[in-house]
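Following: one structure in structure tokens, then a few remarks.
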Number of protein chains: 2
Amino acid sequence: MLTTERKALLLDALGKEGRIVAKEFSQKLGLSEDTIRRDLRELAGEGLLQRVHGGALPASKALKDLSTRRNVSVNDKAEIAKVAAGMVKEGQIVFLDGGTTTIRLARVLPKALKATVVTHSPDVVTALLDHPGVDVELIGGHIYKHSNVSVGAVAIEAISQIRVDLYFMGVTGIHVEHGLTTGDREEAAVKRAICRQAAETVVLGSREKLGAVSAYSVVGFDDVDGLIVSRKCSEDLLTPLRDLGMQIISS
Amino acid sequence: MLTTERKALLLDALGKEGRIVAKEFSQKLGLSEDTIRRDLRELAGEGLLQRVHGGALPASKALKDLSTRRNVSVNDKAEIAKVAAGMVKEGQIVFLDGGTTTIRLARVLPKALKATVVTHSPDVVTALLDHPGVDVELIGGHIYKHSNVSVGAVAIEAISQIRVDLYFMGVTGIHVEHGLTTGDREEAAVKRAICRQAAETVVLGSREKLGAVSAYSVVGFDDVDGLIVSRKCSEDLLTPLRDLGMQIISS
DNA sequence: AAATATCATGCAATATCGTGCAGCATGTGA
DNA sequence: TCACATGCTGCACGATATTGCATGATATTT
């Protein structure tokens with residue numbers, strides 16, 4: 001077995017399972033634990049995963065959240081991401097926000113899809129590295145570490161110079177009265193800027209976002225065209241949004 | 001058996017199986033491993049596949065950078081990164097290139113260090129997420145997937161608008177006659193642009209880079225101020241560079 | 001605190017690598 | 001035909017990589 005291949009296996013497994021246990025893997029491959037541990041150490045050295053006692057976890061905080069927080073919402077987000085990915089058509093220019101759902105969305109985009117993705121999230125860029133068909137344009141700016149996206153005047157200036165067909169927006173609050181909200185002023189400003197440049201804006205709303213309100217208002221429902229929510233969302237929360245003219249797509 | 005025919009076989013098998021083990025193939029064809037290895041080396045030289053210990057893998061795998069990193073070199077790079085990290089002073093504005101060594105450098109920067117890092121590499125951004133003291137500015141542009149950095153007119157425009165104190169440059173070739181070279185035209189242009197904006201430029205050169213030449217010229221030795229190399233680099237390779245006035249820092 | 005599990009490191013055995021060299025076939029020009 | 005060049009192949013050999021084991025250190029659990 002080629003060591004590179006083994007490392008690829010480890011990363012694959014990590015992506016799928018969300019964790020790696022050194023002992024299990026050594027048995028599965030018929031190699032000593034030392035070898036696996038060595039691999040994990042090296043991969044951790046490259047920043048490709050995070051070493052923990054007994055095995056390894058994904059490196060990026062976004063992904064770590066995905067794997068550790070094994071709540072319902074993870075499945076929700078996976079479903080939403082799949083539905084959203086299906087909306088992207090050949091040749092389109094799509095803007096992907098930062099956030100766990102949009103990263104998943106990036107990952108599940110068809111690898112051969114010919115399209116252009118614009119993003120201000122380094123994580124989305126990384127997720128799209130193995131999508132040969134997808135052209136990626138990165139928006140620069142000041143990195144807001146809490147969300148790992150670029151924000152600020154530079155980002156907004158760069159955004160104002162592009163046009164996109166479709167914008168997948170992530171938010172932390174979706175509320176009938178308060179509209180779409182997020183936890184950071186800068187991020188809200190960036191989202192507004194993208195909205196202005198997008199022919200169509202779709203909000204990705206996993207279950208816990210519905211009915212929630214965060215500190216900073218992004219836009220009202222007038223400025224967005226659709227909302228993708230989990231199949232399991234209660235109708236009670238959705239009908240008032242429908243009444244506001246929102247097109248609701250259920251996974 | 002014609003060598004071209006054999007190479008075609010190798011590429012075929014690679015496409016079908018996803019990997020090639022030199023030993024197996026030599027037995028299957030009744031040829032020595034040397035011959036197969038020679039073929040693989042040449043195909044790798046043309047970029048048609050990726051050489052790894054024991055055989056070969058497809059060229060396009062995102063893991064490519066993983067495998068080019070042999071173990072020794074990993075240690076080399078770790079040492080170089082540590083030395084470079086020590087050069088960064090409080091309050092400085094530092095530009096970090098893309099590349100494995102600079103990512104390591106980012107990781108080993110003191111977490112509490114108050115400084116600003118400018119980069120066009122999403123991976124560097126990710127590496128700096130848990131450095132609360134470090135402000136990160138991201139340069140946007142078109143993502144060149146092979147290296148996972150942003151390049152192109154947008155990137156160069158953004159770079160021209162900043163000044164940095166110190167630029168850590170990564171290259172793929174460091175050669176007495178041919179100067180500093182890299183494998184992509186766009187990347188070379190970006191590196192040149194950063195050089196222009198930097199008060200001081202330092203090249204990070206792990207062992208295998210010394211004496212190597214790549215396709216695209218970046219700058220000559222006049223435009224860089226220092227070179228950090230592994231302790232284990234032979235003096236034979238270093239003295240000619242010293243004669244050119246390079247300041248060489250050995251790890 | 002004791003028991004257990006996991007870890008990092010050094011070391012030795014083995015496998016693989018790259019290079020130089022020689023043998024062999026084929027091609028070429030005189 | 002002969003002498004020579006060229007290209008391909010296998011072998012030898014020193015260099016490098018990989019792996020498992022031993023060992024003492026560290027972490028986790030009871």
Side-chain angles (χ1 to χ4, degrees), chain A residues 1-11 13-14 19-46 49-57 68, chain B residues 1-11 13-14 19-46 49-57 63-79 82 100 104 107-108 173 206-213 230-237:
Chain A
M1 154 133 348
L2 311 178
T3 75
T4 316
E5 206 180 2
R6 201 174 50 232
K7 285 183 183 172
L9 277 179
L10 284 165
L11 288 177
L14 191 56
R19 67 167 193 156
I20 284 177
V21 179
K23 196 173 184 177
E24 289 175 4
F25 228 87
S26 69
Q27 287 166 355
K28 186 149 46 178
L29 298 187
L31 294 168
S32 75
E33 288 179 45
D34 300 69
T35 303
I36 303 300
R37 274 205 298 271
R38 238 184 295 249
D39 289 344
L40 292 180
R41 230 177 297 157
E42 287 171 18
L43 289 170
E46 313 302 339
L49 51 74
Q50 186 192 5
R51 201 67 229 288
V52 297
H53 200 88
L57 291 175
T68 52
Chain B
M1 158 153 327
L2 266 39
T3 76
T4 40
E5 190 183 345
R6 202 172 49 232
K7 285 183 183 173
L9 276 180
L10 284 165
L11 288 177
L14 190 57
R19 68 162 193 172
I20 285 178
V21 179
K23 194 175 185 176
E24 290 175 3
F25 227 86
S26 70
Q27 288 167 354
K28 187 148 44 178
L29 297 188
L31 293 170
S32 76
E33 289 179 44
D34 302 68
T35 303
I36 303 301
R37 274 205 299 269
R38 239 184 293 250
D39 291 344
L40 292 180
R41 231 177 298 157
E42 288 169 18
L43 289 171
E46 297 168 35
L49 51 75
Q50 180 206 352
R51 199 67 228 288
V52 300
H53 197 91
L57 292 174
L63 287 160
K64 173 152 185 197
D65 46 349
L66 266 186
S67 56
T68 52
R69 262 175 250 146
R70 297 282 164 78
N71 241 350
V72 187
S73 164
V74 167
N75 292 332
D76 275 20
K77 287 177 181 174
E79 288 176 13
K82 224 179 321 180
T100 56
R104 292 200 86 107
R107 297 177 67 86
V108 300
S206 50
R207 205 191 313 180
E208 76 271 16
K209 313 289 173 58
L210 283 171
V213 181
S230 158
R231 186 182 340 122
K232 285 169 265 179
C233 276
S234 76
E235 271 305 313
D236 301 355
L237 290 167

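Naming convention: chains lettered A, B, ... in sequence-line order (proteins, then strands); numbering from 1 in each chain. Keep in mind that the numbers below use all heavy atoms, side chains included, and drop hydrogens, waters and symmetry copies.
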Closest of C/dA8, C/dC7, D/dT9 to the B/Leu31 side chain is D/dT9
5'-most contact on DNA chain D: B/Ser32 or A/Ile36, nearest heavy atom basis? B/Ser32
Round to the nearest Å and state the distance from B/Glu33 atom CD to C/dC17 atom C1'. 10 Å
I need the CD1-P distance between A/Ile20 and C/dC7, as an integer number of Å. 12 Å
Nearest 0.5 Å, please: how far is CZ in A/Arg19 from CG in A/Leu49? 14.5 Å
How long is the line joining CG of B/Leu29 and P of D/dC8, in whole Å? 16 Å
To the nearest 0.5 Å, what is the distance between CZ on A/Arg38 and NZ on A/Lys7? 11.0 Å
The reported gap from CD1 in A/Ile36 to CZ in A/Arg6 (rounded to nearest 0.5 angstrom) is 6.0 Å
Determine, stepwise, if the pair B/Leu29 / B/Leu9 fulfils side-chain contact (heavy atoms from CB on, under 4.5 Å). CA-CA 10 Å; B/Leu29 297 188; B/Leu9 276 180; 4.2 Å; yes
Reckon B/Arg6 has a side-chain N or O less than 4.0 Å from the OP1 or OP2 of D/dC8? no
Side chain of B/Arg38: nearest nucleotide among D/dT19, C/dG20, C/dT9? C/dG20
Are A/Thr35 and D/dG20 close enough that a side-chain N or O sits under 4.0 Å from OP1 or OP2? yes
Compare every heavy atom of A/Glu33 with every heavy atom of A/Ser26, then report the nearest pair and how far apart it is. OG-CG, 3.4 Å
Between protein and nucleotides 22-30 of chain D, map the contacts as a letter string: B base, S sugar-phosphate only, - none, heavy atoms under 4.0 Å, written 5' to 3'. B----SS--
Atom of B/Arg37, atom of B/Arg51 and distance for their closest heavy-atom approach: CG-NH2, 3.8 Å
Figure out the NZ/C1' separation between A/Lys23 and C/dT6, and round it to whole Å. 10 Å
Taking atom P of C/dC7 as reference, at what distance in whole Å does atom CG of A/Asp39 sit? 13 Å
Between the base of C/dG18 and the side chain of B/Arg51, is there a donor-acceptor distance below 3.5 Å? no
Counting the atoms with a prime plus P, OP1 and OP2 as sugar-phosphate, which does A/Val52 contact under 4.0 Å by heavy atoms, base, sugar-phosphate, or nothing? sugar-phosphate
Please report the distance, rounded to the nearest Å, between CD in B/Gln27 and C1' in D/dG10. 16 Å
What's the CZ-P distance between B/Phe25 and D/dT9, to the nearest Å? 14 Å
With rounding to the nearest 0.5 Å, note down the distance linking CD1 in A/Ile20 to CG in A/Leu10. 4.5 Å
